[in-house]
**Q** 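Take this structure, written in structure tokens, and hold onto it; I'll ask about it next.
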Amino acid sequence: MNESSYTIKTHVFEGPLDTLLSLIEKRKLFINDISLSQVADDYITYIKNLADFPIADSAHFILIASTLILIKSKSLLPDLQLTEEEESSIEDLESRLVEYQKYKELSRHLRDRFGMNVSYVRQPSREKKIVFAPDKNTHVEKMHEVIRRVIAEIPKKEIVPHAVIKKVMSLEEMIESLTERITKSMKMSFKDFSGLGKEEMNKEKFQENKIEIIVSFLAMLELVKQGIIDVRQEVHFQDIEMETQRVGIPRY
Amino acid sequence: MNTELVQKIEAILFYTAEEIEEKELAKILEVRPEEITVALAELNEVLSSRGVRLVRHDTAVILTTAPEMSGAIEKMIRTERERDLGRAGLETLTIIAYKGPVIKKEIEYIRGVNSDYILRNLLLRSLVKKSTEEENGKALYTLTTEALLHLGLSHIEDLPEYEKIKKTLDAHTHSEKNTDTDDAVEIKKEMEQEMEEEMPYTEHGY
Amino acid sequence: MNTELVQKIEAILFYTAEEIEEKELAKILEVRPEEITVALAELNEVLSSRGVRLVRHDTAVILTTAPEMSGAIEKMIRTERERDLGRAGLETLTIIAYKGPVIKKEIEYIRGVNSDYILRNLLLRSLVKKSTEEENGKALYTLTTEALLHLGLSHIEDLPEYEKIKKTLDAHTHSEKNTDTDDAVEIKKEMEQEMEEEMPYTEHGY
């Protein structure tokens, strides 16, 4: 991908769906798996280059990146079998994008109207007299009860989800680590690399490490694309073997 | 036609200068709620060519200046029009307008981002409110009458494409995937076509 | 006949709710005073069979409710006074009681919603008043003497847990983000715990 095809950096996006949708619309594509696989690289490049990464939404960004990787890898490796869950996460992303696009389109109506021709409420009527008028709840006990409720409901201060951030390893780091480890062992498997092979993976553990695995996979594909490594999978669901050709001299 | 009732309603709405529930009007004027509904329709008709409008939202009504008169009012009070809702605000308001009442989680699912801040902002600007109803203990957000006033609408149904969208939404929620009514499918297709025609979409239009 | 001008005049008079000089209208609407006079005559004609009337005082005009409507208005006045304050009203009242003198913005910060309308209502019901003091040009609200008397308090400090609650509220508004005093954190925790134990709180308990 050359630089010129990627010129949306100046724009501030509202979130991952907005980013993705804009990438698709920019290429005048419709929302489907083909267009998504085409913009996957753009999206990943975008989030990699994001200077002010919206920390609160980083998990959303990465999760969508992971789905894009699935779509992309499916298009690169047509034989790749996806699990039901993976299939549905792809469908889900598509339908979310369609839905989001719909509201984005609709928001133009509001944008065109908002504040343009405002209907004004009448100013307080001069006919109104100030008259002392408490109601049945205007007593000390009730007020005490109400104020305590108010305090309990004061919006909590924004908490930056550190835990989430910690889990989401950056792509750069992952690619670096991948390059380094491949150079060392010249031949290793994806399982070892991603940590999948280290210990028995129960479902919970897998969920926990899902992002990391996905990021690993993504990094691997990136390396394949850059010609740094070759990958080989003998049997579906079996381990993927990664091999360097000539480290340091990428083939283009 | 009950001219006297229409006049009384107009006087009360004029005096109170606030939203009032239809059933409260019925109580004050000692008539059946249906009579109020009929009289309001009539008042709406009478006012349609005037400087004042009847705005209805949910079960409440309020008298306001006609949206076409905004220029004259603004000149008098020398205010700048408030148009700085921002993209996030607009998007969120749009979802609430067309899909509301809606819980926060659903808004966030559609937008793909955390929407706490933007919702708080809309609440403080009195453009959305938490409905008195809840969904499994979660707050449901709806548009306020004030939001309608800012949009110059007399009724939420006057929003462009409102009925059409509601129809597709209902079709989606009532029937699961792939069992859209023919109607809804057609509307969806139509919308997709429209979108196609309208592109290229401009990024910086907001 | 200049319908548009008549409409504009009606909108302005409706909005301002006070007397306006004819020549002021001419200035706002950028027309000759004679045109205003003609349009006013027309407006007067249009309104003759409506719930609202045009009244002239020398060279000034004002819209008021039609005299025949006084019965309905009386009832409306009574209804307004007898209406429950509602959750929003009570919340605002108690915040002013415990935290007052307090500016509107702080009340809104604590409640998370716009409070213009509620404040207006509490003022009209003489439960709160604007203090003679101001904070940077912003009105400060406090309870009225009548309200204190009604609550049976000689001093606002006699409210249950006054110091503690005031401190908590102050901590939330005065200190910017994430600088809660230990005290405030503790009080808040305590209250949250108490709440959990004591409630189930009913939305409609007010």
Side-chain angles (χ1 to χ4, degrees), chain A residues 12 14-15 51-59 107 110-166, chain C residues 11 14-19 62 64-65 73 77 80-87 89-91 93-95 97-99 109-112 120 123-127 129 144 146-147 150-153 158-161 165 168-169 172 177-178 180 187-188 191-192 194-196 198-199 201 205-206:
Chain A
V12 180
E14 290 302 340
D52 295 312
F53 203 75
I55 289 165
D57 293 315
S58 55
S107 75
L110 273 77
R111 181 196 64 203
D112 292 345
R113 301 190 71 99
F114 190 81
M116 287 309 286
N117 289 303
V118 177
S119 303
Y120 287 92
V121 173
R122 194 170 171 239
Q123 294 288 92
S125 176
R126 304 284 151 158
E127 294 172 53
K128 288 193 178 180
K129 304 266 180 305
I130 295 178
V131 174
F132 182 63
D135 76 347
K136 63 178 190 303
N137 286 317
T138 320
H139 57 83
V140 167
E141 291 74 31
K142 189 76 192 181
M143 286 174 68
H144 187 213
E145 181 192 320
V146 170
I147 197 71
R148 288 164 74 232
R149 163 64 42 177
V150 166
I151 289 170
E153 286 184 348
I154 290 176
K156 303 246 177 0
K157 304 253 153 86
E158 298 290 317
I159 299 154
V160 181
H162 290 292
V164 174
I165 301 163
K166 227 197 278 176
Chain C
F14 170 87
Y15 173 81
T16 55
E18 54 184 56
E19 280 187 357
I62 185 169
T64 64
T65 52
I73 300 298
I77 292 171
E80 278 182 341
R81 285 181 195 155
E82 284 160 16
R83 205 181 273 162
D84 276 351
L85 290 174
R87 180 176 180 157
L90 268 178
E91 279 180 9
L93 181 66
T94 55
I95 292 167
Y98 278 94
K99 190 164 165 48
Y109 179 82
I110 292 169
R111 293 191 57 227
R120 205 170 103 189
L123 285 167
L124 275 169
R125 296 179 76 150
S126 195
L127 289 163
K129 62 170 193 231
T144 59
E146 282 159 302
H150 178 83
L151 294 170
L153 304 169
D158 297 340
L159 276 168
E161 294 190 282
I165 288 171
T168 315
L169 289 172
H172 272 286
K177 278 164 219 164
N178 299 325
D180 274 359
I187 291 166
K188 193 162 179 199
M191 286 191 173
E192 275 164 12
E194 278 173 36
M195 292 282 169
E196 263 167 54
E198 279 174 35
M199 308 287 170
Y201 180 85
Y206 290 88

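Naming convention: chains lettered A, B, ... in sequence-line order (proteins, then strands); numbering from 1 in each chain. Computation of the quantities below employed the complete heavy-atom set of this structure, encompassing side-chain atoms and omitting hydrogens, waters and symmetry-equivalent molecules.
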**Q** Atom NZ in Lys142(A), atom CG in Leu93(C): separation rounded to 0.5 Å?
**A** 13.0 Å
**Q** Counting C-beta onward and ignoring hydrogens, is there a side-chain heavy-atom pair between Arg125(C) and Asp135(A) closer than 4.5 Å?
**A** yes
**Q** Quick check against the 3.5 Å criterion: does His150(C) have a side-chain atom that pairs as donor or acceptor with the backbone of Pro134(A)?
**A** no
**Q** Which pair of heavy atoms, one from Pro124(A) and one from Ala17(C), lies closest together, and at what distance?
**A** O-CB, 3.9 Å
**Q** Can you say whether Leu123(C) sits under 4.5 Å from chain A via the side chain, the backbone, both, or neither, judging by heavy atoms?
**A** backbone
**Q** What part of Tyr15(C) is in contact with chain A, defined as an atom under 4.5 angstrom from a non-hydrogen atom: side chain, backbone, both or neither?
**A** both
**Q** Grab the two heavy atoms, one from Glu91(C) and one from Val150(A), that are nearest each other, plus how far apart they are.
**A** CG-CG2, 3.6 Å
**Q** Quick check: do Leu85(C) and Asn137(A) have side-chain heavy atoms less than 4.5 Å from each other?
**A** no
**Q** In Å, rounded to the nearest 0.5 Å, how long is the span from CZ of Arg148(A) to CD of Glu161(C)?
**A** 6.0 Å
**Q** Within a strict 4.5 Å, meaning less than it, do heavy atoms of the Ile165(C) and His144(A) side chains meet?
**A** yes
**Q** Under the rule for side-chain contact (heavy atoms from CB on, under 4.5 Å), what residues qualify as partners of Ile130(A), not counting sequence neighbours?
**A** Leu124(C), Ser126(C)
**Q** Is it the backbone or the side chain of Ile77(C) that comes under 4.5 Å from a heavy atom of chain A, or both, or neither?
**A** neither
**Q** Do Thr168(C) and Ile154(A) touch side chain to side chain, with heavy atoms closer than 4.5 Å?
**A** no
**Q** Sort Glu82(C) into side chain, backbone, both or neither according to what part of it lies under 4.5 angstrom from a heavy atom of chain A.
**A** neither
**Q** How long is the straight-line distance from CD1 of Ile147(A) back to CG of Leu159(C), given to the nearest 0.5 Å?
**A** 9.0 Å
**Q** Flag the pair Phe132(A) / Leu127(C) as yes when at least one side-chain heavy-atom distance between them is below 4.5 Å, and no otherwise.
**A** yes
**Q** Contact part of Arg120(C) toward chain A, heavy-atom cut-off under 4.5 Å: side chain, backbone, both or neither?
**A** side chain
**Q** To the nearest 0.5 Å, what is the distance between CD1 on Ile151(A) and CD1 on Ile110(C)?
**A** 8.0 Å
